[in-house]
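Data block below; observations after.
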Amino acid sequence: MTKQQGHIRFGVTARRNHPIKIRYFKRLNETFPDNRNHINAKGDFFVYAQLRANSNGSKYSVVFISKGWSISVRVYSPFFQKEDLLKIPHIFVSKSNSEHGYVSLCLYKNNFGHAEFRFGDRLDTSIIAWTKEWLYFYELFLITGRWYGNGEHPQ
């Protein structure tokens, strides 16, 4: 396959193939193997995972989504009812997630200096750890009705 036929091989065109995003996809895919995981020629990817906040916590279906130069995290399971979405702190609510029953997590800015995720950050101490931390505080929220996590949520 050649470039003239409209196909691009990984590593051929630096503008369209982002090696660091490919490495992140590979690491996430190794950590969370799933047949649905995929990456496109731009380096945008979807990685499906099953996560627990801790060994005693509930299991959640999570998707790490990279589009452009950021990673967002969606939690699909358990199914979130539309009325519940208005009560859950530190999520982004949209028409799409209320119709499909998932939450998009607000993970990035907290009082301890964590800022926006950057490619180059370690996955185990950034996006994966932050997702588990959010799940932990969510489980406390379900029990107490109070959000114990820190940080700012954009208005």
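Side chains included, hydrogens not; waters and symmetry mates left out as well; all remaining heavy atoms used. None of these values were measured; they are calculated from a predicted model.
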Using a distance-only test with no angle check, is there a side-chain donor-acceptor pair under 3.5 angstrom linking Glu133 and Tyr138?
no

Could you give the distance from CZ (Phe141) to OH (Tyr136), rounded to the nearest 0.5 Å?
15.5 Å

Are Val75 and Ile143 connected into the same hydrophobic cluster when the rule is that any two of I, L, V, M, F, W, Y join if their side-chain heavy atoms are below 4.5 Å apart?
no

Decide if the gap between the ring center of Trp134 and the ring center of His90 is smaller than 6.0 angstrom.
no

So do Ile20 and Arg23 actually touch side chain to side chain, heavy atoms under 4.5 Å?
yes

dist Leu135:CG -> Tyr60:OH (nearest 0.5 Å) comes out at 6.0 Å

If you measure from the Lys or Arg side-chain nitrogens to the Asp or Glu carboxylate oxygens, is any gap between Asp44 and Lys42 under 4.0 Å?
no

Please report the shortest heavy-atom distance between Ser104 and Arg74, naming the atom on each side.
OG-CG, 3.8 Å

Flag side-chain contact, heavy atom, 4.5 Å: Ile91 against Cys106:
no

Do Ile22 and Ile39 have side chains that get closer than 4.5 Å, going by heavy atoms?
yes

Classify the ring geometry between Phe32 and Phe64 as parallel (under 30°), tilted (30 to 60°) or perpendicular (over 60°).
parallel

Atom pair CG (Asn37) and OH (Tyr48), whose distance is rounded to the nearest 0.5 Å:
8.0 Å

Any heavy-atom pair between the side chains of Ser58 and Arg52 that's under 4.5 Å?
no

Which heavy atom of Gly43 sits nearest to which heavy atom of Ser66, and what is that distance?
O-OG, 4.2 Å

To the nearest 0.5 Å, atom CH2 of Trp130 lies from atom OG1 of Thr125 at 8.0 Å

Going by heavy atoms in the side chains, are Tyr24 and Val47 under 4.5 Å from each other?
no

Reported CD1-to-CG distance for the pair Ile128 and Leu51, which is rounded to 0.5 angstrom:
7.5 Å

What's the shortest heavy-atom distance between Gln50 and Ser61, and which atoms?
NE2-OG, 2.9 Å

Side chain Lys21, main chain Gly68, donor-acceptor under 3.5 Å:
yes

Would a 4.5 Å heavy-atom cut-off, applied to side chains only, mark Tyr76 and Val63 as touching?
yes

Quick one: do Tyr148 and Phe137 satisfy ring-ring contact (aromatic ring centres under 6.0 Å, His included)? Show the steps, please.
CA-CA 6 Å; Tyr148 289 94; Phe137 288 122; 7.6 Å; no

How far does OG1 of Thr31 sit from CG of Leu123, to the nearest 0.5 angstrom?
7.0 Å

Do any N or O atoms from the side chain of Asp121 and from the backbone of Ser126 form a donor-acceptor pair under 3.5 angstrom?
no

